[in-house]
Amino acid sequence: MRSIKMEPMISLQLWSVQEACEEDFLGTLTKVKEFGYDGVEFAGYYGLDADVIKEHLDKLGLKVSGSHIAAGKLKEDLAGTIEFEKKIGNNTIIIPWIESGSKDKWEENFAFFNEIQPVIESAGMLLSYHNHSHEFTEITNFSALEEMLKSVPKMKLEVDTYWVNFAGEDTLEWLENYKKYIDCLHIKDAIKLENDFESTELGKGILPLKDYAKFGADNQLRWLVIEQEAFQELLPMESAAYNQKVLRTILKEV
């Protein structure tokens, strides 16, 4: 029998619509569901209790793909964080940013990750790390992500394809090399500026989104997470609606 190929679900990283979240968090979740998203990735809770968020998510039929939680928060209150995340139906804690500056500092962080990973796993959850570009470029001849995976072999990755590309890596080759660690992908597009680049709506930029989506589908990743951090013509909520349609179309083509 042929195995059935499962299409990744599509989530929105809510940092993309942070102003709307600040104004009306629950109303924003409602709109995100109306746009056609399967889930959301949290980047804060705007003072709401877990029970209130869970009730609203259940009413909408909106899933949780993960939550970005600072390493400092995990150091301060790991048990409380796990309890909150389980209440809202999240099973993936994602560390969104660490800039260590030296090999010794990175190794200290790896030791901390090894300390908390079994606790998170015992709660039925995953510990994941979200990259930017500095993990590749911050220290000469030292890839923090590669060293992290050697030192913390049960760590999962939420790979931000945008930042891997602009770190100068061959993104597709990198994804293939580390696919056993990859839990989900951040999908973003980029336009070139005179001396820089910035994110834009999907399909309006230069990145090979179809290749990234195909990797996600071929490897049966659970989630493709849309994020946008800069806006040229559309407002953030308009971009969120637009991006979901584009990625859904791309997934049907791969």
Side-chain angles (χ1 to χ4, degrees), residues 8-74 76-77 80-97 125 128 130 132 158 160 162 184-191 198-205 222-251:
M9 292 182 287
I10 298 176
S11 173
L12 178 66
Q13 165 50 251
L14 291 172
W15 182 257
S16 308
V17 292
Q18 56 187 293
E19 291 181 359
C21 288
E22 289 169 0
E23 292 173 7
D24 182 1
F25 188 41
L26 297 183
T28 300
L29 294 179
T30 300
K31 285 290 187 184
V32 169
K33 179 61 178 180
E34 290 172 356
F35 293 160
Y37 284 89
D38 302 302
V40 289
E41 183 176 86
F42 289 105
Y45 302 103
Y46 302 89
L48 293 183
D49 292 336
D51 291 336
V52 173
I53 295 170
K54 176 61 173 171
E55 181 181 3
H56 196 65
L57 292 171
D58 286 348
K59 182 174 72 174
L60 296 174
L62 195 61
K63 297 178 173 66
V64 182
S65 64
S67 292
H68 279 196
I69 301 174
K73 175 68 174 174
L74 299 177
E76 291 168 11
D77 186 12
T81 300
I82 290 173
E83 181 182 7
F84 188 101
E85 297 304 318
K86 288 180 74 69
K87 278 186 179 180
I88 66 170
N90 176 38
N91 67 2
T92 307
I93 290 175
I94 305 162
I95 297 171
W97 173 271
M125 305 176 75
S128 185
H130 174 87
H132 292 76
E158 177 181 68
D160 192 315
Y162 174 96
C184 62
L185 297 182
H186 256 220
I187 301 292
K188 298 152 73 173
D189 211 342
I191 54 172
E198 68 180 16
S199 64
T200 192
E201 286 78 32
L202 301 184
K204 294 185 178 181
R222 295 183 304 150
W223 292 97
L224 299 182
V225 182
I226 291 171
E227 183 179 37
Q228 188 172 338
E229 297 169 325
F231 304 88
Q232 294 79 37
E233 297 178 359
L234 300 180
L235 295 173
M237 289 294 281
E238 294 172 333
S239 293
Y242 178 91
N243 287 333
Q244 189 279 148
K245 292 178 181 177
V246 172
L247 185 52
R248 193 76 68 185
T249 299
I250 290 172
L251 278 173

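Numbers here are sequence positions counted from 1. Worth knowing before you read on, the calculation uses all heavy atoms, side chains too, and leaves out hydrogens, waters and symmetry mates.
- Residue L12 comes nearest to A240 through the heavy atom pair CD2-CB, 4.0 Å, listed as atom of the first residue, atom of the second, then distance.
- Just one of T28, L14, V17, L60 meets the side-chain contact (heavy atoms from CB on, under 4.5 Å) condition when paired with V40; it is L14.
- Checked against the 6.0 Å centroid threshold, Y45 and F25 do not count as a close aromatic pair.
- In this structure, S128 contributes its side chain and I93 its backbone to no donor-acceptor pair below 3.5 Å.
- Using a 30° and 60° split on the angle between ring planes, H130 and H132 fall in the perpendicular class, above 60°.
- Relative to the six-membered ring of Y37, K31 misses at least one condition, a distance below 6.0 Å or an angle of at most 45° to the axis.
- Side-chain contact, S239 with E201: a donor N or O sits under 3.5 Å from an acceptor N or O.
- Closest heavy-atom contact between S11 and E41: OG-N, 3.3 Å.
- Note on K73 versus E76: no salt bridge recorded, every NZ/NE/NH1/NH2 to OD/OE distance being 4.0 Å or above.
- Checked by atom type and distance alone, the side chain of R248 pairs as donor or acceptor with a backbone atom of G36 at under 3.5 Å.
- The CD atom of Q228 sits 5.0 Å away from the OG atom of S199 when rounded to the nearest 0.5 Å.
- Taking each heavy atom of L29 and F42 in turn, the nearest pair found is CD2-CE2, 4.4 Å.
- When atom types are taken as modelled, the side chain of D189 and the backbone of G203 share a donor-acceptor pair closer than 3.5 angstrom.
- Closest approach of I191 to G205, counting heavy atoms only: CG2-CA, 4.2 Å.
- Between H68 and P96, the shortest heavy-atom contact is ND1-CB, 3.5 Å.
- Here the rule is side-chain contact (heavy atoms from CB on, under 4.5 Å) with S67, and of N90, N91, I94 only N90 fits it.
- The backbone N or O of F35 lies less than 3.5 Å from a partner atom in the side chain of Q244, making a donor-acceptor pair.
- Using a 4.5 Å heavy-atom cutoff, the side chains of M125 and I82 are in contact.
- No side-chain donor-acceptor contact under 3.5 Å links E83 to the backbone of G80.
- Residues G89 and V64 approach most closely at O-CB, 4.0 Å, considering heavy atoms.
- Judged by distance alone, with hydrogens and angles left aside, the side-chain atoms of E22 form no donor-acceptor pair with the main-chain N or O of E19 at under 3.5 Å.
- Ion pairing between D160 and K188 holds under the 4.0 Å rule for side-chain N and carboxylate O.
- For T30 (side chain) and L26 (main-chain N/O), a donor-acceptor pair under 3.5 Å exists by modelled atom type.
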